[in-house]
Amino acid sequence: MFALIDGNNFYVSCERVFRPSLEGIPVVVLSNNDGCAIARSNEAKALGIKMGQPWHEIRHFEESAGLVALSANFALYGDMSDRMMSLAAGLGPTQEIYSIDESFIGLDGVRGDLKARALAVRSRILRWVGIPCCVGIGPTKTLAKMANHIAKMAERKSGCYPIEHAQVCDLCTLARSQVEELLAATDVGELWGIGPRIGKQLRAGGIATALQLARLDPATVRSRFSVVVERTVRELQGVACIGLEDASQPRQQIACTRSFGAPVMTYEPLAEAVSEFASRAAEKLRLQSSHAADVLVFVRTSPFRQDPQYSRSIIVPLRRPCSDTAAIVAAALLGLRAIFQPGYQLAKAGVMLMGLQPASREQLELAFDKPYAGRSKARLMQTLDAVNDRWGRGAIKVGSAKIGQVPRGWSMKQQRRTPAYTTDWAQLPIARA
DNA sequence: TCTGGGGTCCTAGGACCC
DNA sequence: TCTGGGGTCCTAGGACCC
């Protein structure tokens, strides 16, 4: 048995903790560069504002409906999340933190009235952290997710589900007929694992509700769709196919990407941005004690504009897997040089680290104890992270202006013989403080 | 004028092998 | 007219999640 605890309108709720005057009015939190809405209060949802809707399409609500828009503060949300998760963990013996605002709780072995227990945890989170939550309980993760959706909608919109399921919905204590009524009242597109594409295909085939999907034959679903949809069907039937992932797994891929506030057309500002992305990605990499084998860098124009489109990416292998900012920045810049073409209004760029592997004990020992260069590099990275942690991101950066650029007067042969990513730390310009 | 930033998993098809 | 059969690995792209 599983529970899913989920903070309501999480980013907006975090903001409201510190600005109670925002209660009861339409609020959105905006993405990077205030580009689009990434969280909406119930009042904003009632205005018809969609997830991810561009700000310029909804800003008229400022005047007409008193909409308040806030720039995102992810550091705050991360902190609030940690507090919420530690209280949510009290619901059962195991916890999987699924996203910044959701966690699954394994309920095996928990005795007594689960609904009362969930309500108590919910009110503790509300009192101590200030975040309103909803809890869904079911025999599988997919059903717990659906129960959570019911708990939220029953509270928010009267009439769509029976009001007694508001805030906490426990499918495990209901009669079969009651569960089927809830399944019948749930659109197939609301289910975990059914997105817009599959949802459309299902509806075209006459499957519009969760109940209709639950009654299909899994094998048929597998042949017509995929094992993923088949698993959803089995989970709806009460057969648990997706287990709880207790221990958090290290990431298999680390990305740092941004849209630009204004189009970028020249190499230098792009190189500066890509250096920054690569540095941030390398920090994240060291945080999980991994090494990367490859660096991917991409640039692209805005797909929403009519201008000539340009989208390229390249994967640059590192000489050997590492987590060294200098090597990763150099590789990213080498890649950027290969894919950059002037004349396009670039809207977005990013760096991804791939082929991640644990930094093994041998590698760590090698870095710290054996060759001088390796030791100093690892210590330098530790110092970099420590200083940036203490004094704020970007307090120390790796200088990048010249990395990846070819010294004046070099022949093509020399350039080919000396790829930038083989650059040693010693050859790189030292950071400015 | 202005459109997020992360992630995961699955599948199909090609290359390659014996 | 007929043109093996099976396996593995890799990659790009698609679909999904928040």
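Model, not experiment: these values are computed from the prediction. Computed over heavy atoms, backbone and side chain alike; hydrogens, waters and symmetry mates excluded.
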Using nucleotides 6-13 of chain B, report all nitrogen or oxygen pairs with the protein that are shorter than 3.5 Å.
| unit_1 | atom_1 | unit_2 | atom_2 | d |
| --- | --- | --- | --- | --- |
| B:dG6 | OP1 | A:K284 | NZ | 3.3 |
| B:dG6 | OP2 | A:T257 | N | 2.5 |
| B:dG6 | OP2 | A:T257 | O | 2.6 |
| B:dG6 | OP2 | A:R258 | NH1 | 2.5 |
| B:dG7 | OP2 | A:A255 | N | 2.7 |
| B:dT8 | OP1 | A:Q252 | N | 3.1 |
| B:dC9 | OP2 | A:Q252 | NE2 | 3.0 |
| B:dT11 | OP1 | A:V227 | N | 3.4 |

Just checking [X]: base, sugar-phosphate only, or nothing, at a heavy-atom cut-off of under 4.0 Å?
| X | result |
| --- | --- |
| A:I100 | nothing |
| A:P303 | nothing |
| A:L191 | sugar-phosphate |
| A:D101 | sugar-phosphate |
| A:E102 | sugar-phosphate |
| A:G52 | nothing |

Whole angstrom is fine here: how far is it from [atom1] in [X] over to [atom2] in [N]?
| X | N | atom1 | atom2 | result |
| --- | --- | --- | --- | --- |
| A:M352 | B:dG5 | CE | P | 11 Å |
| A:E190 | C:dC16 | CD | C1' | 15 Å |
| A:F277 | B:dG5 | CZ | P | 8 Å |
| A:E276 | B:dG5 | CD | C1' | 15 Å |
| A:D307 | B:dT3 | CG | C1' | 14 Å |
| A:Q201 | C:dG14 | CD | P | 14 Å |
| A:I242 | C:dC17 | CD1 | C1' | 11 Å |
| A:Q306 | B:dT1 | CD | C1' | 15 Å |

Just N and O in the side chain of [X]: are any of them under 4.0 Å from OP1 or OP2 of [N]?
| X | N | result |
| --- | --- | --- |
| A:S31 | B:dG5 | no |
| A:R305 | B:dC2 | yes |
| A:K145 | C:dC18 | yes |
| A:K348 | B:dG5 | yes |

- Can you tell which of A:I125, A:I97, A:D79, A:D6 makes a side-chain contact (heavy atoms from CB on, under 4.5 Å) with A:M84?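 That would be A:I125.
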- Task: Going by the side-chain contact (heavy atoms from CB on, under 4.5 Å) test, name the single residue among A:L4, A:T140, A:L191 that passes it with A:M146.
- Result: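 Answer to the side-chain contact (heavy atoms from CB on, under 4.5 Å) test with A:M146 among A:L4, A:T140, A:L191: A:L191.
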- Rounded distance in Å between the C1' positions of B:dC17 and C:dG4: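 Going atom to atom, C1' in each nucleotide, I get 14 Å.
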Between the side chains of [Y] and [X], is the shortest nitrogen-to-carboxylate-oxygen separation below 4.0 Å, so that they form an ion pair?
| X | Y | answer |
| --- | --- | --- |
| A:K152 | A:E190 | no |
| A:K141 | A:E96 | yes |
| A:E283 | A:R286 | no |

- Partner residues of A:Y11 under the ring-ring contact (aromatic ring centres under 6.0 Å, His included) criterion, sequence neighbours left out: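 Listed in chain order: A:F74, A:Y77.
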- Query: Which comes earlier along DNA chain B counting from the 5' end, the contact point of A:N33 or that of A:R59, where each point is its nearest nucleotide?
  - Reply: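 The answer here is A:R59.
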- Message: I want to check something: taking the side chain as every heavy atom from C-beta on, are A:D294 and A:V316 in contact at a cut-off of under 4.5 Å?
- Response: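 Contact flag for A:D294/A:V316 side chains = no.
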- Considering only heavy atoms from C-beta outward, does the side chain of A:P308 approach that of A:Q345 to under 4.5 Å?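 Sidechains of A:Q345 and A:P308: no contact.
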- Message: Can you tell me the base-pairing partner of C:dG13? Count Watson-Crick or G-U wobble geometry only, both distances below 3.5 Å, and say none if there is no partner.
- Response: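 The base-pairing partner of C:dG13, which may sit in any strand shown, is B:dC10.
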